[in-house]
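Here's the structure we're looking at; comments come further down.
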Amino acid sequence: MRRLIQVALIACSLTTIFSAQAAEQAASSAAQQQLVQAQGVVKEIDYQNSKVSIAHQAIPAISWPAMTMRFTFASASQLSAIKVGDQVHFSFVQQGPLAVLKNIAVKN
C-alpha cells in the first residue's frame, strides 16, 4: 500500500511538471506569433531568396531599436506594389530566427 501511494505521488508530481512545461512552451510560442506593426523604408528586394530589407524605425512593442534588417516573405505578390525607396507600413511575426512578413503597404 505504501508503495502504491509513493507511485501515485510521483506520477502526480510528474504530471504537474510536464503541465507547467507545456504551458511555458505554449506561452513562448504565442509570444513568437505576436503580430508586430512597424514602418520603414524598403532598401532591397531579393525575390530569389524571398527577402526584403527594410530600414525600420524603433519597435517599442518588442524592444527593438531602429535598424535595417531582412524580412522573409511568403509570396512575391505581397510586394507587387512595393519598390526600393518606398516608405511602408508593415507587419510581421517572429518565427524562431526569422521575421516573417505578413502585410506591407506603401505609406500614404
Side-chain angles (χ1 to χ4, degrees):
M1 180 69 167
R2 184 176 212 174
R3 183 82 168 150
L4 183 59
I5 292 171
Q6 288 175 335
V7 170
L9 287 173
I10 291 171
C12 199
S13 295
L14 289 174
T15 300
T16 302
I17 290 168
F18 289 127
S19 293
Q21 288 175 340
E24 184 178 310
Q25 288 175 346
S28 175
S29 179
Q32 288 181 347
Q33 293 298 313
Q34 173 188 4
L35 186 64
V36 180
Q37 305 288 327
Q39 42 189 315
V41 177
V42 175
K43 295 296 185 180
E44 178 185 14
I45 301 173
D46 179 354
Y47 288 104
Q48 185 174 1
N49 294 301
S50 300
K51 304 282 186 184
V52 58
S53 295
I54 302 174
H56 64 75
Q57 297 175 359
I59 307 174
I62 54 174
S63 302
W64 282 5
M67 66 178 118
T68 300
M69 63 180 286
R70 291 166 54 105
F71 295 86
T72 301
F73 55 87
S75 169
S77 65
Q78 286 180 279
L79 301 172
S80 63
I82 306 297
K83 63 185 184 310
V84 171
D86 282 346
Q87 290 189 8
V88 293
H89 290 288
F90 63 100
S91 62
F92 66 95
V93 294
Q94 198 66 35
Q95 293 180 347
L98 296 178
V100 180
L101 193 67
K102 291 298 181 179
N103 296 297
I104 187 168
V106 175
K107 187 176 170 184
N108 293 329

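Keep in mind it's a predicted model, so treat the numbers as computed, not measured. Throughout, residue positions are numbered sequentially from 1 according to the sequence presented.
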Open item on the list: Hydrophobic clustering (ILVMFWY, side-chain heavy atoms < 4.5 Å, transitive) - are Val93 and Val52 grouped together?
Closed with: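 As far as the 4.5 Å side-chain criterion goes, Val93 and Val52 are not connected within one cluster.
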
How would you list, by chain and number, every residue that makes a side-chain hydrogen bond (donor to acceptor under 3.5 Å, both in side chains) with [X], sequence neighbours excluded?
X: Lys107; value: Gln39
X: Ser80; value: none
X: Ser77; value: Ser75

TODO: Name the orientation class of the two ring planes belonging to Trp64 and Phe92 (parallel below 30°, tilted from 30 to 60°, perpendicular beyond 60°).
DONE: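 Rings of Trp64 and Phe92: parallel, under 30°.
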
Task: Interatomic distance, Leu101 atom CG to Phe73 atom CZ [nearest 0.5 angstrom] - done: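 Spacing of CG (Leu101) from CZ (Phe73) equals 8.5 Å.
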
Open item on the list: I need the His89 NE2 to Asn103 CG distance, nearest 0.5 Å.
Closed with: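 Interatomic distance, His89 NE2 to Asn103 CG, rounded to 0.5 Å: 12.5 Å.
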
Open item on the list: Determine whether a donor-acceptor pair (N or O, by modelled atom type, separation under 3.5 Å) exists between the side chain of Gln94 and the backbone of Gly96.
Closed with: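 Flag set: sc Gln94 to bb Gly96 pair under 3.5 Å.
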
Open item on the list: For the backbone of Lys102 and the side chain of Gln78, can you confirm whether one donor and one acceptor N or O come within less than 3.5 Å of each other?
Closed with: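 Between the backbone of Lys102 and the side chain of Gln78 there is a qualifying donor-acceptor contact (under 3.5 Å).
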
TODO: Provide the full list of salt bridge (charged side-chain N to carboxylate O under 4.0 Å, His left out) pairs with a residue in residues 70-95, sequence neighbours left out, each pair given once.
DONE: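 For residues 70-95: Asp46-Arg70, Lys83-Asp86.
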
Test of understanding: with side chain to side chain contact (heavy atoms under 4.5 Å, CB included), list the residues that count as partners of [X], not counting sequence neighbours.
X: Ala105; result: none
X: Lys43; result: Val41, Ser53, Ala55, Thr68
X: Leu98; result: Lys51, Thr72, Val100

TODO: Go through the steps for Ile54 and Ile104 under the test side chain to side chain contact (heavy atoms under 4.5 Å, CB included), then give the verdict.
DONE: CA-CA 11 Å; Ile54 302 174; Ile104 187 168; 4.1 Å; yes

- [ ] Might you point out which heavy atoms bring Val88 and Val106 nearest each other, and give the distance in Å?
- [x]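 That would be CG1-CA, 4.1 Å.
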
TODO: Compare every heavy atom of Phe90 with every heavy atom of Gly40, then report the nearest pair and how far apart it is.
DONE: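 Closest approach of Gly40 to Phe90: N-CE2, 4.0 Å.
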
Please list every donor-acceptor pair under 3.5 Å in which a side-chain atom of residues 56-63 meets a protein atom from a residue at least two apart or in another chain.
none

Task: Student check: side-chain heavy atoms of Val42 and Leu79 closer than 4.5 Å - done: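 A side-chain contact is absent here, since even the closest heavy-atom pair is not under 4.5 Å.
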
